[in-house]
Amino acid sequence: MKLRPCIDIHNGKVKQIVGSTLRDEGSTATDNFVSEKGGEYYGNLYKEKNLPGGHIILLNSRDSEYYEQDLEVAKAALNAYPGGLMIGGGVNAENASHFLDMGASHVIVTSYVFTDGKLNMERLLRLIGEVGSENICLDLSCRKKGDRYYIVTDRWQKFTDMEVSPDTLGELSDYAGEFLIHGVDVEGKSSGIDEGLIRILSEFDRIPVTYAGGISSFSDIDKVRNSSDGKLDITIGSALSIFGGNLELDELMSYIAATKQPHPVATQ
């Protein structure tokens, strides 16, 4: 298990939001935290802490009035930590190589390769032709419908017909270097992990998978680690003190790096 840092950008600010409240109309979302610091601060912080493989997510759509502002914040982070961060939001085959040239290690994609609720293999292969599958992180963030989880696109607002399952992960792993998977129903709520989704992800181990959503305590970290035998990496946002939460980054890093029994505060 590794800690993967995050920089979520919305309306030109580094933020933590409640994922299920994000809407393109009016560029609205329920904010958990709005930082007074820009992308450079977080890029430098993650570089100093030696936390590679993090994710920058531009939460506004490409046609939003705020997208260019989001992009400037992202550029500052990439300049501070070149090669240490991935970027997603508005990525397509035409601009993917540009994001890599800006210093991103990978491009993160969902909506571009899922159109009209289905996987668009033509677009995915076109993207691979431009940047290579090893530089692609497929964002398979999902929401629950009935008793199954389905990939959602367009900033988590639209359901696809593709279920998140070990078989799906296996099929898609030939086309990406990594997966990033938010449990959108618990994202930004700091109310605990999506244990059903964790169980599914734990059955897969062909390429790295990062889980995000609801982690707010050492107990949650233990659950993810124990359920996946340490195979899953994790992203923590709202619960971190740098985003207004209660978990200190240094303590969190030390705990994740340790191979020991549950933290003494895990039961609190």
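- For the pair R62 and Y112, the cation-pi test (distance below 6.0 Å, angle within 45°) is failed.
- Here the side chain of D233 pairs a donor or acceptor atom with the backbone of K2 at under 3.5 angstrom.
- How far OG of S254 is from CD of E248: 11.5 Å, rounded to the nearest 0.5 Å.
- To the nearest 0.5 Å, the span separating CG on L138 from CG on L119 amounts to 8.5 Å.
- Between L45 and L249, some side-chain heavy-atom pair lies under the 4.5 Å cut-off.
- One finds the SG atom of C6 at 10.5 Å from the CG atom of L85 (value rounded to the nearest 0.5 Å).
- Across every non-hydrogen atom of L240 and L252, the tightest pair is CD2-CD2, 3.4 Å.
- Put simply, the side chain of L169 reaches to within 4.5 Å of the side chain of I181, judged on heavy atoms.
- Between T110 and L180 there is no side-chain heavy-atom pair separated by less than 4.5 Å.
- Hydrophobic clustering (ILVMFWY, side-chain heavy atoms < 4.5 Å, transitive): I242 and V34 are in distinct clusters.
- Taking both residues in full, the closest heavy atoms of I9 and I56 are given as CD1-CG2, 3.8 Å, listed atom of the first, atom of the second, then distance.
- I7 places a side-chain heavy atom less than 4.5 Å from the side chain of Y46.
- For the pair D70 (side chain) and G12 (backbone), a donor-acceptor distance under 3.5 Å is present.
- Closest non-hydrogen pair, P208 versus G177, comes out as CD-O, 3.4 Å.
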Quiz item: Given the rule in the side-chain contact (heavy atoms from CB on, under 4.5 Å) test, do N60 and N11 qualify, once you have shown the distances and angles that lead to the verdict?
Solution: CA-CA 7 Å; N60 292 104; N11 293 359; 2.9 Å; yes
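- In this structure, F204 and F179 have tilted ring planes: the angle between them lies in the 30° to 60° band.
- No side-chain donor from either of D167 and S165 sits under 3.5 Å from a side-chain acceptor of the other.
- Although no hydrogens or angles enter the test, the distance criterion places a donor-acceptor pair under 3.5 Å between the side chain of Q157 and the main chain of D154.
- Distance check, rounded to the nearest 0.5 Å: CZ of F33 to CZ of F243 gives 7.5 Å.
- A 6.0 Å sphere centred on CG of D174 holds more than 12 heavy atoms belonging to other residues, nucleotides or ligands.
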Quiz prompt | Derivation of the side-chain contact (heavy atoms from CB on, under 4.5 Å) call for V186 and L197 | solution = CA-CA 11 Å; V186 297; L197 178 57; over 6 Å; no
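- Using a distance-only test at 3.5 Å, with no hydrogens or angles considered, a donor-acceptor pair links the side chain of S202 to the main chain of S227.
- Using a 4.0 Å cut-off between charged nitrogen and carboxylate oxygen, E130 and R126 do not count as a salt-bridge pair.
- Here M86 contributes atom CE and N135 contributes atom CG; the two are 10.0 Å apart, rounded to the nearest 0.5 Å.
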Exercise. Applying side-chain contact (heavy atoms from CB on, under 4.5 Å), run through L172 and M162 and close with a yes or a no.
Key: CA-CA 11 Å; L172 292 177; M162 182 164 282; 3.9 Å; yes
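- The main-chain N or O of R4 is found under 3.5 Å from a side-chain atom of T235 such that the two form a donor-acceptor pair.
- Of the listed residues (K145, R143, K144, R148), just one forms a salt bridge (charged side-chain N to carboxylate O under 4.0 Å, His left out) with E163, and that residue is R148.
- Between the side chains of S228 and Y211, not a single donor N or O lies within less than 3.5 Å of an accepting N or O.
- Heavy atoms only, all atoms of each residue included: T210 and E178 are closest at OG1-OE1, 4.5 Å.
- No donor-acceptor pair closer than 3.5 Å links the side chain of S35 to the backbone N or O of V14.
- Shortest non-hydrogen contact noted between I87 and A104 is CG2-CB, 3.7 Å.
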Self-check item: Intermediate values then yes/no, side-chain contact (heavy atoms from CB on, under 4.5 Å), V224 and M1
Solution: CA-CA 9 Å; V224 176; M1 175 184 284; 3.8 Å; yes
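- The number of heavy atoms from other shown groups lying within 6.0 Å of NZ (K47) does not exceed 12.
- At a threshold of 4.5 Å between non-hydrogen side-chain atoms, the residues I236 and D220 do not count as touching.
- Side chain of S173 to main chain of I207: no donor-acceptor pair is present (N/O by atom type, distance under 3.5 Å, no hydrogens or angles).
- Considering every non-hydrogen atom in both V131 and A96, the closest pair reads CG1-CB, 3.7 Å.
- Other residues, nucleotides and ligands place no more than 12 heavy atoms under 6.0 Å from the CD atom of E40.
- A donor-acceptor pair under 3.5 Å is absent between the side-chain atoms of T168 and the main chain of V164, judged by distance alone.
- Judged by distance alone, with hydrogens and angles left aside, the side-chain atoms of N95 form no donor-acceptor pair with the main-chain N or O of V91 at under 3.5 Å.
- Proximity of D222 to Y255: side-chain heavy atoms (C-beta onward) are separated by under 4.5 Å at one or more points.
- Remark: the backbone N or O of H182 is paired with a side-chain donor or acceptor of S141 at under 3.5 angstrom.
- Between Y175 and L125, the closest side-chain pair of non-hydrogen atoms falls below 4.5 Å.
- Using a 4.5 Å heavy-atom threshold, the side chains of K13 and V73 count as separate.
- Distance check: I221 CD1 to N226 CG gives 11.5 Å after rounding to the nearest 0.5 Å.
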